[in-house]
2 protein chains.
Amino acid sequence: MTKQKSVSLTRFELEIMRVLWDLERASVRELQENLSEKRRPAYTTVQTIVRRLEEKGAVHRLRKIGNALIFEPAIARKAVHGRLITELLQMFGGSARPLMAHLAEMGKLNLEDVRELETLITEQQENPPDSPVAKGKRERKAR
Amino acid sequence: MTKQKSVSLTRFELEIMRVLWDLERASVRELQENLSEKRRPAYTTVQTIVRRLEEKGAVHRLRKIGNALIFEPAIARKAVHGRLITELLQMFGGSARPLMAHLAEMGKLNLEDVRELETLITEQQENPPDSPVAKGKRERKAR
DNA sequence: CCAATCCTACTACATTTGTAGGTATTGCGT
DNA sequence: ACGCAATACCTACAAATGTAGTAGGATTGG
């Protein structure tokens, strides 16, 4: 339930979301300041993107501090990432293998990574998706 | 040498390229017919995209058959894929691990895949990039 | 309480992307 | 040689995206 439509985000929107996910919540000003030095558009530009994200249901207003609106993500990073991955995977014929091979070739994967991954997969097989353990919030950062 | 500028392709352009890479060479008609049943726009639409791809240097005219132009890719699938992967990776903080974890969670990776990958990486470490063995074309499909 | 400041809401506009129509050409079959 | 059918080529336009300015309301330090 509470299933949100799978919004499709543009490059720049994704960039903003990346920052917002990292900060957990932020004002437009904070978002702008946290963009990478390269490609940091005007304040109002960021504002516009945030508005569009709001329209798309990707973020929502949490509250006001002073006269500034504080936004927080309305969609999970994981969900969006999943979408992106799926899309990329399609370019590779739907299978993860060629993608992995590519990563290896690019030197983005070493044996240690793979070993770790192996452990992860094994664990997952033992702990199916909705095992009672992982129910509910899993972390909460003070901020 | 012969280094082509890393063109950036849109969704639809990528879709066309995907087909073209698969077919190795094709006319606009063939490209259109080989798009997935969903999302198959008008002939002239495909033509427009092909023209833009040509302008971007992503494809070029190979020859004419009848009065139809035959196109072929002018950029390697691998190069484009690499770009896409790098981009996606940035969303994940530049490291491949979270991506892998995600794939595992999505059930897109099983132990067999990982084992295979392990082998691959090991081989790559033994056979550095420009070892004389791998020089030149590595496969050639009869067609 | 008042002005300097900060923020929002609205509007605008250029560029890119998706989509396609109309017209000029070109080969081919007869 | 001619006309038909398929194709190329040019043009157009709507929607999405990136980018930003302006007007006016809210906040707050003094």
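Keep in mind the model is a prediction, meaning the values are calculated, not measured. In the text below, chain A, chain B and the rest are named by the order of the sequence lines, each starting its count at 1.
Legend: residues meeting salt bridge (charged side-chain N to carboxylate O under 4.0 Å, His left out) with A:Arg52, ordered by chain and number and at least two apart, are absent. Residues satisfying the side chain to side chain donor-acceptor pair (under 3.5 Å) test with A:Glu118, not counting sequence neighbours, are B:Arg115. Taking A:Ser27 as the reference, A:Glu30 meet the side chain to side chain donor-acceptor pair (under 3.5 Å) condition, with sequence neighbours excluded. Under the side chain to side chain donor-acceptor pair (under 3.5 Å) criterion, B:Arg77 pairs with B:Asp22, sequence neighbours left out. In this structure A:Arg51 satisfies the salt bridge (charged side-chain N to carboxylate O under 4.0 Å, His left out) test together with A:Glu55, sequence neighbours excluded. Every residue meeting the side chain to side chain donor-acceptor pair (under 3.5 Å) condition with B:Glu15, not counting sequence neighbours, appears here in chain and number order: B:Arg18. Residues that satisfy the salt bridge (charged side-chain N to carboxylate O under 4.0 Å, His left out) test with B:Glu105, not counting sequence neighbours, are A:Lys78.
With hydrogens and angles ignored, the 3.5 Å screen pairs a side-chain donor or acceptor of A:Gln32 with a backbone N or O of A:Pro41.
Note on A:Arg29: only backbone sugar-phosphate atoms sit closer than 4.0 angstrom, heavy atoms only; bases stay farther off. Among the heavy atoms of the strands, none lies under 4.0 Å from A:Ser27.
Protein chain B contacts DNA chain C over a range whose 5' and 3' limits, counting nucleotides with an atom under 4.0 angstrom from a non-hydrogen atom, are C:dT17 to C:dG27. For DNA chain D, the outermost nucleotides in 5' to 3' order that have an atom under 4.0 Å from a heavy atom of chain B are D:dA6 to D:dT11.
Of the two residues near DNA chain C, B:Gly66 and A:Phe71, the one whose nearest nucleotide lies more 5' is A:Phe71. Between A:Thr48 and A:Ile70, the residue anchored nearer the 5' end of DNA chain C, judged by the nucleotide with its closest heavy atom, is A:Ile70.
Counting only residues at least two apart or on different chains, the salt bridge (charged side-chain N to carboxylate O under 4.0 Å, His left out) pairs with a member in residues 60-74 of chain B are B:Glu54-B:Arg61. Listed by first then second residue, pairs satisfying salt bridge (charged side-chain N to carboxylate O under 4.0 Å, His left out) with a partner in residues 79-93 of chain B read A:Arg11-B:Glu87, not counting sequence neighbours.
Scanning residues 39-47 of chain B for heavy-atom distances under 4.0 Å to DNA chain C yields B:Arg39, B:Pro41, B:Ala42, B:Thr44, B:Thr45.
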